[in-house]
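Have a look at the structure below, then the notes.
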Amino acid sequence: MSAHGVRGTAVSGSFRESVLFSVLIVFAGLVIEATTGGRGISLPQWPGNGIALALFFAGIVGTALSFREKRFVAWLGGIPLGISLIMALALLSFIGGVLPQEEGSGPLWARMMRLNGMFSSWPFALTVIFFLVNLGLSLVWKTVPFRFANLQFILFHAGFWIALSCGLVGAADLQRVIIPLYEGRSTSRGYDTVSKSTLDLPFSLHLEDFEMKQYSPQLALYDPGRDRLVPDDLQHVQDIAEGFGISWDTLSVRVERFLPHAMLDGAGEPVAADSAAGVPYVRVSGTSGRQSFSGWISTGSPFEAPAFISVGERLIVLVPGSPKKYRSSVIVRRGAESEGTPAVLEVNRPVDVMGWKLYQMGYDEKAGRWSTLSLVEGVRDPWLPFVYIGFFMILAGNALFFWKGMKKTRVL
Amino acid sequence: MTWVEFPYAALGAMACWAGGSVLSVMQGRNGSLKAPGLLLMLSGTAVITGFLVLFWAGIDRPPLRTLGETRLWYAVLIPLVGFLVEYRWKIGWLKYYCVVLASFFLAINLLYPDVYDKSLMPALQSGWFIPHVVVYLVGYVLLAASSAAAWHNIFRKKGGDRQNVHSLSHHLAVLGFVFLSFGLVFGALWAKEAWGHYWTWDPKETWALISWLGYLGYLHLYSMNVEKQRLQWYLALAFLVLLVCWFGVNYLPSAANSVHSYQSS
């Protein structure tokens, strides 16, 4: 089932041309990079990118409708070239997926050809442009005149065209800023990590409270000589509870008492405290060979040194649990508003404010749950709705493809 | 249940699959061993499925976080594809490949035991977590079965109903591609909610795109009437790219800053 009537020997002939053409455009891209010092491609911002995309689209539609019978145009929108360009994209992505994609990384020759910035390089850009031409031409031919039977093809291919073109062209208008928030203070400035400049935002954020919940702390054996934790016999990441036992070869440890939140009293004994001020304390006893020991261990905090027990050259320590949830309670003031609205920022739960999406990004990791700093990321991506339309069209096309496939295989 | 009991379940399942396969292959003309053979193979899957259910109950979170946990799912699901194909299309040989693949993934878990860890980092606490990973798992399972069918087609003796067996690897690839597409888009939608952007060329994303493009290329080659026997090589080898995407990415130089490294550190 060939979309554009290329079959038999004509197919193998046009395949050779297609592969050669794809190799040539990748090579041309590499030559451009090598001669310009691997600077890559930078796209114009709005409205330049919008105009360029509109002209590109109009050019494809015009060519598809006016020159459909021309052999060259038929080849340009044909499956053999499509397959060759898909393979070229896969190959370039392969290079980008193996080599670290960081500025300044890799040997000089790789930097010169921008193999360390593959997805903003000329070989990638040229391949994508011709891929969009190929995809666009075949799409117009399948769409005009419209037939319901082609709906799955149209949804999938148009969705891919829209998502790919708007995603890449729209990247020029994408803004990502980091907004550092300190408890009890307001700010309306974000730091753009790409342009390394500060940006004034149309709203301000006041951090009321940063709050973190952690998983239970972990009993562990630390080897200072090798600076690493020794895995226990069962490789458990445990839930600490009174009576819990754990062992490493000839060393065995038992939990006598567990205080999730405690602080030392005047006599140096841990006593239960409220969750904001206390740190986890565990009283353990155990044996190492014939030697027995007991005592308190604790995770410590920025205000208090951790407590541990030495056993030979190793230490029994209490490792703080990993973060379970963290969130920032903020007051958002839009523009010159005097009264703000409260909002809670949490990982996976961004908040929309005046075209910006605000994300809970991080905190002061050294201070852990005592952090008074919350890092919020602000993202503005005006092209997002178009990319999402593309995504949903791809999904709709795939759902139809699935349905047809199931019908064909007589599963349903 | 925890990883501590895992070796018993894994070895039990593998023994059932092996025993059942031997009985099924040995079934004579009268087919008297067919039912016990199939029953034994199904018991193997029942054992490992039972372990998965109890393991899930034991860790209080979906066991979809570490590579070891996804391999466990694989071992549960891939023989099911083999059984379903036999049930629906009366093609019996696929299940042998499927249990071999499942045993292979269980063996990796036996050789490199996972750490038993209940924690689920905030980035994974999302409504997208289960749909994204499950859709990908089903896609991988179908494409693994497609690859197994393709290897079978490459090495089988000439003759027989070629059209039919070629169709099997193709249809499994078509279904697998659909799930791969859903997994990819779900991942992008989730990434937007969790990290602020739907596509950041993270190594795992890049490899997901490469494998998706690989199967996209296959579908277009298929539509061009390329000789079907040659396409079996394509399907057989395409799965290797998926394996790189699944767990090979962690060993690549590009993986240093990947946000997809959920292995316990």
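Labels below follow one simple rule: chain letters A, B, ... track the order of the sequence lines, proteins then strands, and each chain is numbered from 1.
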message: Given 3.5 Å as the limit, does a donor-acceptor pair link the side chain of A:Tyr215 with the main chain of B:Leu120, or not?
response: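 Flag set: sc A:Tyr215 to bb B:Leu120 pair under 3.5 Å.
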
task: Using atom types as modelled and distance alone, determine if a side-chain donor or acceptor of A:Tyr359 lies under 3.5 Å from a backbone N or O of B:Lys192.
output: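 Looks like yes, one N/O pair under 3.5 Å.
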
- request: Tell me, with the steps shown, if A:Tyr388 and B:Leu189 meet side-chain contact (heavy atoms from CB on, under 4.5 Å).
  value: CA-CA 8 Å; A:Tyr388 273 20; B:Leu189 297 174; 3.5 Å; yes

Gap between atom [atom2] of [Y] and atom [atom1] of [X] - 0.5 Å precision:
| X | Y | atom1 | atom2 | result |
| --- | --- | --- | --- | --- |
| B:Ser181 | A:Phe156 | OG | CZ | 5.5 Å |
| B:Leu213 | A:Leu85 | CG | CG | 11.0 Å |
| B:His220 | A:Ser84 | NE2 | OG | 12.0 Å |
| A:Ser93 | B:Glu205 | OG | CD | 12.0 Å |
| B:Phe182 | A:Ile394 | CZ | CD1 | 10.5 Å |

message: Checking A:Asn348 against B:Trp190: is there a side-chain donor and acceptor pair closer than 3.5 Å?
response: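 Per modelled atom types, B:Trp190 and A:Asn348 side chains form a pair under 3.5 Å.
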
query: Should the heavy atoms of other residues, nucleotides or ligands under 6.0 Å from CZ of B:Phe83 be counted, would the total exceed 12?
result: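 Counting other residues, nucleotides and ligands, CZ of B:Phe83 exceeds 12 neighbours.
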
message: Is the ring pair B:Trp207/A:Phe94 parallel, tilted or perpendicular, if the boundaries are 30 and 60 degrees?
response: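 Perpendicular: the ring planes of B:Trp207 and A:Phe94 meet at over 60°.
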
field: Part of A:Ile83 within contact of chain B (heavy atom distance under 4.5 Å)
entry: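 Just its side chain gets close to chain B.
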
- request: Identify which part of A:Leu384 has an atom lying under 4.5 Å from any heavy atom of chain B, answering side chain, backbone, both or neither.
  value: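 Looking at A:Leu384, just its side chain touches chain B.
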
task: Taking the side chain as every heavy atom from C-beta outward, state whether B:Leu221 and A:Phe15 have any pair of such atoms under 4.5 Å apart.
output: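 Result yes, sub-4.5 Å side-chain heavy-atom pair found.
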
query: Is there side-chain contact between A:Leu395 and B:Phe186, with heavy atoms separated by less than 4.5 Å?
result: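 Yes. Closest side-chain heavy atoms under 4.5 Å.
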
When only pairs under 4.5 Å are counted, which of [options] shares the most heavy-atom pairs with chain A?
| options | result |
| --- | --- |
| B:Ser126, B:Gly196, B:Ser211 | B:Gly196 |
| B:Val226, B:Ile210, B:Leu84 | B:Ile210 |
| B:Trp128, B:Trp212, B:Phe179 | B:Trp212 |

task: May I have the step-by-step check of side-chain contact (heavy atoms from CB on, under 4.5 Å) for A:Phe401 and B:Leu219, ending in yes or no?
output: CA-CA 12 Å; A:Phe401 192 42; B:Leu219 292 177; 3.9 Å; yes

query: Ring centroid separation for B:Trp199 and A:Phe391, is it under 6.0 angstrom?
result: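 Here the rings of A:Phe391 and B:Trp199 have centres that are no less than 6.0 Å from each other.
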
- request: Please step through side-chain contact (heavy atoms from CB on, under 4.5 Å) for the pair A:Ile86 and B:Tyr218, ending with a clear verdict.
  value: CA-CA 10 Å; A:Ile86 287 172; B:Tyr218 163 79; over 6 Å; no

task: Evaluate the criterion side-chain contact (heavy atoms from CB on, under 4.5 Å) for residue pair A:Val347 and B:Gln125; output intermediate values, then yes/no.
output: CA-CA 8 Å; A:Val347 181; B:Gln125 296 168 17; over 6 Å; no

- prompt: Partners of A:Lys357 by salt bridge (Lys or Arg N to Asp or Glu O under 4.0 Å), sequence neighbours excluded?
  reply: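 With sequence neighbours excluded, A:Lys357 shows a salt bridge (Lys or Arg N to Asp or Glu O under 4.0 Å) to A:Asp352, B:Glu193, given in chain and number order.
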
field: Nearest heavy atoms of B:Pro122 and A:Pro323, plus distance in Å
entry: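 Closest heavy-atom pair between B:Pro122 and A:Pro323: CD-O, 3.5 Å.
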
- prompt: Of the non-hydrogen atoms in A:Pro100 and B:Pro253, which two are nearest, and what is the gap between them?
  reply: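 The answer is CG-O, 3.7 Å.
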
Compile the donor-acceptor pairs under 3.5 Å between side chains in residues 171-179 of chain A and protein atoms, sequence neighbours left out, one pair per line.
from, atom 1, to, atom 2, distance (Å)
A:Asp173, OD1, A:Trp46, N, 2.9
A:Asp173, OD2, A:Asn49, ND2, 2.8
A:Asp173, OD2, A:Trp383, NE1, 2.7
A:Gln175, OE1, A:Arg380, NH1, 3.2
A:Arg176, NE, A:Glu377, OE2, 3.0
A:Arg176, NH2, A:Glu377, OE1, 3.3
A:Arg176, NH2, A:Glu377, OE2, 3.2
A:Arg176, NH2, B:Trp195, O, 2.7

message: Counting heavy-atom pairs closer than 4.5 Å to chain B, which one of A:Met87, A:Lys324, A:Lys325 comes out on top?
response: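 It is A:Lys324.
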
